[in-house]
2 protein chains.
Amino acid sequence: MSGALPQSDGEDANIPASCRVCGARRFGICKALKSSELLRLSASTRRRKIEHGDTISFEEDEVVEYANIVEGAVKLTKILKDGRQQIVGLQFAPEFIGKPFSEMTTVSVEAATDVEICVFPKAEFERMLHQEPNFEHRLLEQTLTQLDDARSWMVTLGRKTAQEKVASFLVLLANNLGRLNTSGSNMISFTLPLKRADIADFLGLTIETVSRQMTRLRKDKLIDIQRNLDVTILDMRRLKDLADGN
Amino acid sequence: MSGALPQSDGEDANIPASCRVCGARRFGICKALKSSELLRLSASTRRRKIEHGDTISFEEDEVVEYANIVEGAVKLTKILKDGRQQIVGLQFAPEFIGKPFSEMTTVSVEAATDVEICVFPKAEFERMLHQEPNFEHRLLEQTLTQLDDARSWMVTLGRKTAQEKVASFLVLLANNLGRLNTSGSNMISFTLPLKRADIADFLGLTIETVSRQMTRLRKDKLIDIQRNLDVTILDMRRLKDLADGN
DNA sequence: CGCGAAATTGACTATATTCAAAGCTAGTGG
DNA sequence: CCACTAGCTTTGAATATAGTCAATTTCGCG
């Protein structure tokens with residue numbers, strides 16, 4: 001059946017059905033795989049849906065599988081013994097989740113929105129990495145990007161004011177989730193994938209401080225918020241300047 | 001000549017002389033190279049000494065070469081336009097410096113101590129990565145470790161008090177530079193590779209706050225400091241607990 | 001409509017910053 | 001060898017920013 005139909009995108013007709021619409025195949029690590037390899041890997045993968053708020057794996061869990069995010073956003077968190085928490089990363093489709101070549105994870109992974117992931121068993125994934133240098137190369141590139149992101153965020157955590165932190169957060173989301181507003185102007189809209197408590201944990205602030213800064217940005221006409229979670233950025237230029245400390 | 005002598009460590013006698021005593025060969029990315037490959041790579045490398053305080057490469061420089069740290073410690077920094085600065089990483093021998101597969105760097109690299117590095121030209125290094133999957137694998141492992149380190153430090157920056165930050169910094173140094181004190185007790189000593197201003201930039205604090213917390217740790221008999229830069233940790237257990245927020 | 005969770009707002013407090021002054025330390029030259 | 005300087009570091013006092021605690025308001029959902 002698949003062989004008879006013309007492929008709209010001109011790609012190999014043999015790629016697995018579940019991969020065909022998967023962003024990870026086009027922009028994630030699976031891009032490095034040939035169709036035959038994709039087919040083989042997909043034989044041992046499975047899709048899993050995770051509800052918003054559920055934990056995918058706990059800090060210091062044993063590593064037993066890896067995954068690509070197919071849909072949604074996840075947060076990576078670390079906690080101190082007394083409960084203080086820090087979100088150390090937000091990841092969106094089609095990024096890779098997991099800590100290859102390790103026995104233990106060092107972060108908790110939690111679904112920030114409703115999430116769909118494509119799960120690889122540890123052994124099969126690592127075999128694939130070993131056999132296909134391009135695959136590992138791709139993973140290296142993603143890891144380098146994540147390292148860059150982490151270091152940029154360190155500047156936010158260490159050196160920015162509460163106001164600048166909140167602005168930085170909104171700019172980050174706009175870049176990852178933002179859609180041009182239907183009104184046709186250059187306003188950008190998105191739905192917050194995190195509640196205030198999580199935003200606070202991401203920014204190293206308290207809920208109250210986040211709330212106050214949001215209010216201030218609203219009063220300054222940089223953003224608009226509807227029902228606590230739908231954000232419209234009214235002036236991206238000024239918001240970016242604020243985020244960058246100008 | 002080299003062939004006639006028995007090798008004390010039983011290793012291939014053909015490794016380049018400069019690599020023979022280099023920590024990167026045993027613990028860094030060069031560990032992944034066979035002696036023939038090491039020989040080839042070393043043909044295009046050169047050693048360079050950099051004085052404490054000198055900048056090795058600037059943020060947003062074009063990437064033209066990579067390097068291994070042979071001796072000493074370097075700091076990776078990012079700055080905001082108004083001059084606020086954040087150190088986003090400290091690296092010690094035999095770690096790798098550089099941003100592979102990129103046009104531009106995203107951090108400044110500066111010698112924290114007097115430093116010796118082993119420089120690879122961009123093209124040759126990337127060719128080696130491409131030809132030798134083990135080499136790239138090793139780089140991936142180092143990058144994953146750096147990502148982990150960065151994320152751990154994000155907790156320090158976002159969620160710890162000034163006191164805990166300074167304790168965390170001292171524990172970090174003890175792990176990387178510490179030597180058991182000559183007195184034979186379980187005290188650990190090292191020389192600070194950073195002055196107060198840099199420590200402040202690493203911890204997201206001011207000079208004065210760092211100084212006050214150091215004084216407090218000294219008064220609490222957790223550490224001792226001689227001549228502003230020689231630190232002895234008197235009670236590692238308590239210092240670690242403090243750093244971890246217990 | 002009414003309930004519980006989440007977010008906002010207000011008043012007060014604490015922690016770290018800022019500004020200012022004085023103390024060390026290492027290196028230089030008399 | 002000592003005095004002097006320049007650059008760091010420490011210390012102190014006042015201030016500001018974000019945190020804490022508490023009260024309301026808003027939102028989402030049965």
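Just the heavy atoms: all of them, side chains too, but no hydrogens, waters or symmetry mates, feed the values below. Each chain gets a letter, A, B and so on, in the order its sequence line appears, and its residues count up from 1.
Note on B:Asp201 versus A:Arg159: salt bridge recorded, some NZ/NE/NH1/NH2 to OD/OE distance being below 4.0 Å.
There is a side-chain donor-acceptor pair under 3.5 Å between B:Asp224 and B:Gln226. For the 3.5 Å distance criterion, the side chains of B:Lys160 and B:Ser168 qualify, holding a donor opposite an acceptor.
Look at CZ on B:Arg216: it is 9 Å from P on C:dA16, rounded to the nearest Å. Following rounding to the nearest Å, B:Gln213 (CD) and D:dT9 (C1') show an atom-to-atom distance of 15 Å. If you take CZ of B:Arg196 and C1' of C:dT25, they are 12 Å apart, rounded to a whole angstrom. Here C:dA16 presents its P atom at 14 Å from CG of A:Leu205, a figure rounded to the nearest Å. Distance, A:Arg212 CZ to C:dA11 P: 11 Å, rounded to whole Å. As rounded to whole Å, 11 Å separates atom C1' of C:dT9 from atom CZ of A:Arg218. In this structure, the NZ atom of A:Lys160 is 18 Å from the P atom of C:dT17, given to the nearest Å. The distance between atom NZ of B:Lys219 and atom C1' of D:dT11, rounded to the nearest whole Å, is 9 Å.
Of the two residues near DNA chain C, A:Arg159 and A:Ser211, the one whose nearest nucleotide lies more 5' is A:Ser211. Residue order along DNA chain D, read from the 5' end via each residue's closest nucleotide, puts A:Glu208 first among A:Glu208 and A:Asn228. Summary of the strand contacts: A:Leu229 and A:Thr209 both lie near DNA chain D, and taking for each the nucleotide with the nearest heavy atom, the more 5' one is attributed to A:Thr209.
Between B:Phe125 and B:Tyr66, the distance from one ring center to the other falls under 6.0 angstrom.
At a threshold of 4.0 angstrom between heavy atoms, the contacts of B:Thr215 are confined to the sugar-phosphate backbone, with no base atom among them.
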